[in-house]
Amino acid sequence: MTTSFVHLFRMNATACMMTMLFASAGNVYAQIPPSTVCNADGTVTFSYKNDNAQKVQVDVQFAGRHDMVKDAATGLWTVTLGPAAPDMYPYHFEVDGVSVMDPQCDQYFPNEGFKNSLLEIPDPKASLPHDVKNVPHGVVEYIHYYSKSLGATNNAIVYLPPSYSKNAQKKYPVFYLISGTTDTEEVYYKVGRMNYILDNLLAEGAAKEMIIVLPYGNPYKLLPPMRSGQMPQMGFGNDVFSNDLVDDLMPYIESHYRTVNDRDHRAIGGFSRGGNQGLSNGLRNLDKFSYLCSYSSFTSTDIPGVYDDAAATNAKIHLFWLGIGTDDFLYGTGRDYMEFLDKKGIRTVKEFTNDKFGHTWMNAKFFLDKTLRLLFNPEASEKAMRQGVPAPAATGKEEPFTPGVMARLFPKPIVSPDFLDGKVTFRCKAPEAKKVVMEHEGIAKPLAMTKDADGVWSVTLDDANAEVFKYCFVVDGTKVADAYNMYLSPDKGFKYSVCNNPYNRYSFTTMKEMEHGRIAYDLNNHCATYFPSDMKQVKCLVRLIPGADDTMESWFKVGGADAIADKLIASGQAVSCILVTGNTEVEQPWPDAKLQVRTLRAEDYPTWQARRDALEKLLKTIK
């Protein structure tokens, strides 16, 4: 089915009413009891309100999938599961066979594919490594940089320790930390809690100060879809990710941050695919890295010049750390790799778990806490290496890691939204559904979708010129985000998907080589601030006020405020300015600065495209 985009952003009264419905969605959930309650006995009670559902299940990592029971009086679907060990667990609801994020949960799992919410079970007796404590917090920055290897603009996240802003002369070692298959660069931040784990260790004096860089492990995903076949996911050595890391990202970090640029002050590691990427790039570049960490992974046994000269390799590595769960589906291959290293005489530290549900982010956090205590501490690392033990013997019961396992875990994805030939197609897989429609801001009437023989519903819009809008699917009355779109709107309450045309004028994909600003997330004051690349030329501070159900991220992740400012400043159409979200005042960039202050309120405009247009107009008028 096709629908024209011609009338998409005609802001008539009906469309404005649709926008009001979008804006008020989060307030509805405030009237419903909490969706998760952690009970004193360690169990968790899940609740979900949906009057349209015929069958509801909850799927949580510590217990699997279980039916929920509907209370006739309240209409709430509930179930109590556990007990479970205190930790963070991904979960979602299965509503009549369709996966649904918890609309009452603010925390979510950033991913290219699946959409999960996050459950946090506190420990009543002790603190956990990832707890948010009353200690000094570092700053988390979102950056963009032009990648010659990719031929487009790439992105990453940078953690700066609390002391970074206090001593302008101090330089820091750098840890490149990579997430797994289908994960975005945000996962080791929002799920792995790398910033809070290190904040806590630094406050205890249990780790060295460092910068942590989170690259995006699948940069192909940032490009318009390839039509020659599926995008490569698992290349290692001379692939685009590896070339970007060494030739583009590392030079950017070392020219924009205060870093110590030698092998003794660089570490690399990651979880799952990221562990493979970390080991592969670390071992191929031992002139650049001396601390290597693999969490639930392994790498190639065919890396020239590394394995056949153990003495030379051992002399270059301060820490070679390998951790995996014995219940992980990768355990057999991971154990084989450990044994291979032992036979070659390569020293390693090995860590095993059996209580964190296999290939999970509970393990990823646990392993990270262990290794952060050793990084850039040669004495502690050497002690750990001397105490390393041989790999456990194979039992013959280990699950083999085969292409079939990969295909089962990561089936070929459905593309949505799919931009092609000036059109855009949206798809939703719901084989048992009777009716599926698409809602999006700017159009009042939901768009009907049609089902194919595979149970995939779709709708195609003829004109894909619209730049950005929020949307969702409604499956038999239940709102769901687009399972195949990695871009989620960080709303309070239900989280809509974001359609952001990769060819639009403010897409990072279309930007040529230029200097970009950065977005600093201040976790102490709960505000987000865009700083331009040239702070010496700053003329204005623009306060971007979020809407009622927006968060401090919304003006950037949906509004694209940083991309708009980057392009206008680089082209000379706007002066350098600071953008800050929320009502929080930011400090002047220098004591004698006299900045103009402008304000833009999200609630003054009915759609995010209208907000983007208003910001562009405002920035062009500032002199």
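We number each residue from 1, following the sequence as shown. Because the structure is predicted, anything quoted here is derived from the model rather than measured.
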Enquirer: Atom OH in Y188, atom CD1 in I157: separation rounded to 0.5 Å?
Expert: 13.5 Å
Enquirer: Where is the tightest heavy-atom contact between R273 and G217, given as atom of each residue plus distance?
Expert: NH2-C, 3.4 Å
Enquirer: Work out which heavy atom in I545 is nearest to a heavy atom in W555; give both atom names and the distance.
Expert: O-NE1, 3.1 Å
Enquirer: N111 side chain to T182 main-chain N or O, any donor-acceptor pair under 3.5 Å?
Expert: yes
Enquirer: Do the side-chain N and O atoms of N243 and D239 include a donor-acceptor pair separated by under 3.5 angstrom?
Expert: no
Enquirer: Using 4.0 Å as the upper bound for N to carboxylate O, is an ion pair formed by K512 and D566?
Expert: no
Enquirer: Might you work through the salt bridge (Lys or Arg N to Asp or Glu O under 4.0 Å) test for E553 and K190, ending with a clear yes or no?
Expert: CA-CA 13 Å; E553 298 178 288; K190 292 196 169 181; 2.7 Å; yes
Enquirer: Is there side-chain contact between N485 and S416, with heavy atoms separated by less than 4.5 Å?
Expert: no
Enquirer: For T360, is there any backbone N or O sitting under 3.5 Å from a side-chain donor or acceptor partner on Q61?
Expert: no
Enquirer: May I have the step-by-step check of side chain to side chain donor-acceptor pair (under 3.5 Å) for S576 and D534, ending in yes or no?
Expert: CA-CA 7 Å; S576 289; D534 187 356; 5.5 Å; no
Enquirer: How long is the gap from CG on L368 to CH2 on W361, to the nearest 0.5 Å?
Expert: 8.5 Å
Enquirer: Give a yes or no answer on whether the side chain of R611 reaches the backbone of A602 with a donor-acceptor pair at less than 3.5 Å.
Expert: yes
Enquirer: Under the side-chain contact (heavy atoms from CB on, under 4.5 Å) rule, what do I578 and Y530 come out as? Steps first, then yes or no, please.
Expert: CA-CA 6 Å; I578 295 171; Y530 166 88; 6.0 Å; no
Enquirer: Would N501 and F419 count as a side-chain contact (heavy atoms from CB on, under 4.5 Å) here? Give the steps.
Expert: CA-CA 8 Å; N501 188 337; F419 293 90; 3.7 Å; yes
Enquirer: Using the rule given for side chain to side chain donor-acceptor pair (under 3.5 Å), can you reason through D613 versus Q609, listing the C-alpha separation, both sets of side-chain angles and the distance that settles it, and then say yes or no?
Expert: CA-CA 6 Å; D613 291 341; Q609 186 56 52; 3.0 Å; yes
Enquirer: For the rings on Y496 and F494, is their centre-to-centre separation under 6.0 Å?
Expert: yes
Enquirer: At their closest point, which heavy atom of S571 faces which heavy atom of L568, and how far apart are they?
Expert: OG-O, 3.2 Å
Enquirer: Can you check whether L160 reaches E141 side chain to side chain, under 4.5 Å on heavy atoms?
Expert: yes
Enquirer: Less than 4.0 angstrom from a charged side-chain N to a carboxylate O is my criterion; do D328 and K356 meet it?
Expert: no
Enquirer: Under a 4.0 Å N-O cut-off, is there an ion pair linking D562 with K557?
Expert: no
Enquirer: Go through the steps to decide whether D369 and K365 satisfy the test salt bridge (Lys or Arg N to Asp or Glu O under 4.0 Å), and finish with yes or no.
Expert: CA-CA 6 Å; D369 175 66; K365 295 195 306 296; over 6 Å; no
Enquirer: Checking R612 against Y506: charged group under 6.0 Å from the ring centre and within 45 degrees of the axis?
Expert: no
Enquirer: Quick check: closest heavy atoms across E112 and M486, and the distance to 0.1 Å?
Expert: CA-CB, 3.6 Å
Enquirer: Are the side chains of F109 and K115 in contact, using a 4.5 Å heavy-atom criterion?
Expert: no
Enquirer: Could you label the plane-to-plane angle of the H144 and H516 rings as parallel, tilted or perpendicular, counting under 30° as parallel and over 60° as perpendicular?
Expert: tilted
Enquirer: To the closest 0.5 Å, what do you measure between CD (E254) and OG1 (T259)?
Expert: 4.5 Å
Enquirer: Are V139 and Y164 side-chain neighbours, meaning at least one heavy-atom pair lies under 4.5 Å?
Expert: no
Enquirer: Counting N and O atoms only, with roles assigned by atom type, does the side chain of R258 sit under 3.5 Å from a partner on the main chain of K170, one being a donor and the other an acceptor?
Expert: yes
Enquirer: Specify whether Y252 and H256 have parallel, tilted or perpendicular ring planes, treating 30° as the upper limit for parallel and 60° as the lower limit for perpendicular.
Expert: parallel
Enquirer: For S147, which of D247, N155, T153, D248 qualifies under side-chain hydrogen bond (donor to acceptor under 3.5 Å, both in side chains)?
Expert: D248
Enquirer: Quick one: do K171 and E209 make a salt bridge, cutoff under 4.0 Å?
Expert: no
Enquirer: Is the shortest side-chain N to carboxylate O distance from K620 to E616 below 4.0 Å?
Expert: yes
Enquirer: In Å and rounded to the nearest 0.5 Å, what is the CZ to CG distance from F271 to N363?
Expert: 7.0 Å
Enquirer: I want to check something: taking the side chain as every heavy atom from C-beta on, are C293 and L375 in contact at a cut-off of under 4.5 Å?
Expert: yes
Enquirer: Hey, what do you get for CD1 (I622) to CG (L541), rounding to the nearest 0.5 Å?
Expert: 9.5 Å
Enquirer: Only one of Y159, Y196, Y521 forms a ring pair (Phe, Tyr, Trp, His ring centres under 6.0 Å) with H137, so which one is it?
Expert: Y196
Enquirer: Passes side-chain contact (heavy atoms from CB on, under 4.5 Å), Y257 versus V158? Steps please.
Expert: CA-CA 10 Å; Y257 295 93; V158 179; 4.0 Å; yes
Enquirer: Would you compute the distance between atom OG of S242 and atom CG of N281 and round it to the nearest 0.5 angstrom?
Expert: 3.5 Å
Enquirer: Is the count of non-hydrogen atoms from other residues, nucleotides or ligands lying under 6.0 Å from K133 atom NZ greater than 12?
Expert: yes
Enquirer: Shortest non-hydrogen contact from D264 to H318?
Expert: OD1-NE2, 2.9 Å
Enquirer: Give the minimum heavy-atom separation between S272 and S297, together with the two atoms involved.
Expert: O-OG, 2.7 Å
Enquirer: Kindly indicate whether the side chain of Y145, heavy atoms from C-beta on, has any atom under 4.5 Å from the side chain of L249.
Expert: yes
Enquirer: Tell me whether S507 contacts the main-chain N or O of N504 through its side chain, where contact means a donor paired with an acceptor under 3.5 Å.
Expert: no
Enquirer: Start with the C-alpha gap between K470 and D491, add the side-chain angles, then the distance that decides, and say whether salt bridge (Lys or Arg N to Asp or Glu O under 4.0 Å) holds.
Expert: CA-CA 11 Å; K470 290 162 50 172; D491 305 304; 3.2 Å; yes
Enquirer: Would you confirm whether S117, through its side chain, and D102, through its main-chain N or O, come within 3.5 Å as a donor-acceptor pair?
Expert: yes
Enquirer: List the steps and the verdict of side chain to side chain donor-acceptor pair (under 3.5 Å) for T371 and Y295.
Expert: CA-CA 10 Å; T371 51; Y295 313 137; 2.5 Å; yes
Enquirer: Is the ring centre of F367 less than 6.0 Å from the ring centre of W321?
Expert: yes
Enquirer: Run the side-chain contact (heavy atoms from CB on, under 4.5 Å) test on R266 and Y291 for me, step by step, so that the C-alpha distance in whole Å, both residues' side-chain angles and the decisive distance to 0.1 Å come before the verdict.
Expert: CA-CA 7 Å; R266 293 195 197 100; Y291 293 85; over 6 Å; no
Enquirer: Could you label the plane-to-plane angle of the Y142 and Y189 rings as parallel, tilted or perpendicular, counting under 30° as parallel and over 60° as perpendicular?
Expert: perpendicular
Enquirer: Hey, is the main chain of L222 close enough, under 3.5 Å, to the side chain of T509 for a donor-acceptor pair?
Expert: yes
Enquirer: Determine, stepwise, if the pair D482 / K495 fulfils salt bridge (Lys or Arg N to Asp or Glu O under 4.0 Å).
Expert: CA-CA 10 Å; D482 188 338; K495 291 165 182 58; over 6 Å; no
Enquirer: Could you tell me whether a side-chain N or O of R193 sits under 3.5 Å from a main-chain N or O of H130, the two making a donor and an acceptor?
Expert: yes
Enquirer: Within the 4.5 Å heavy-atom criterion, are I268 and L292 side-chain neighbours or not?
Expert: yes
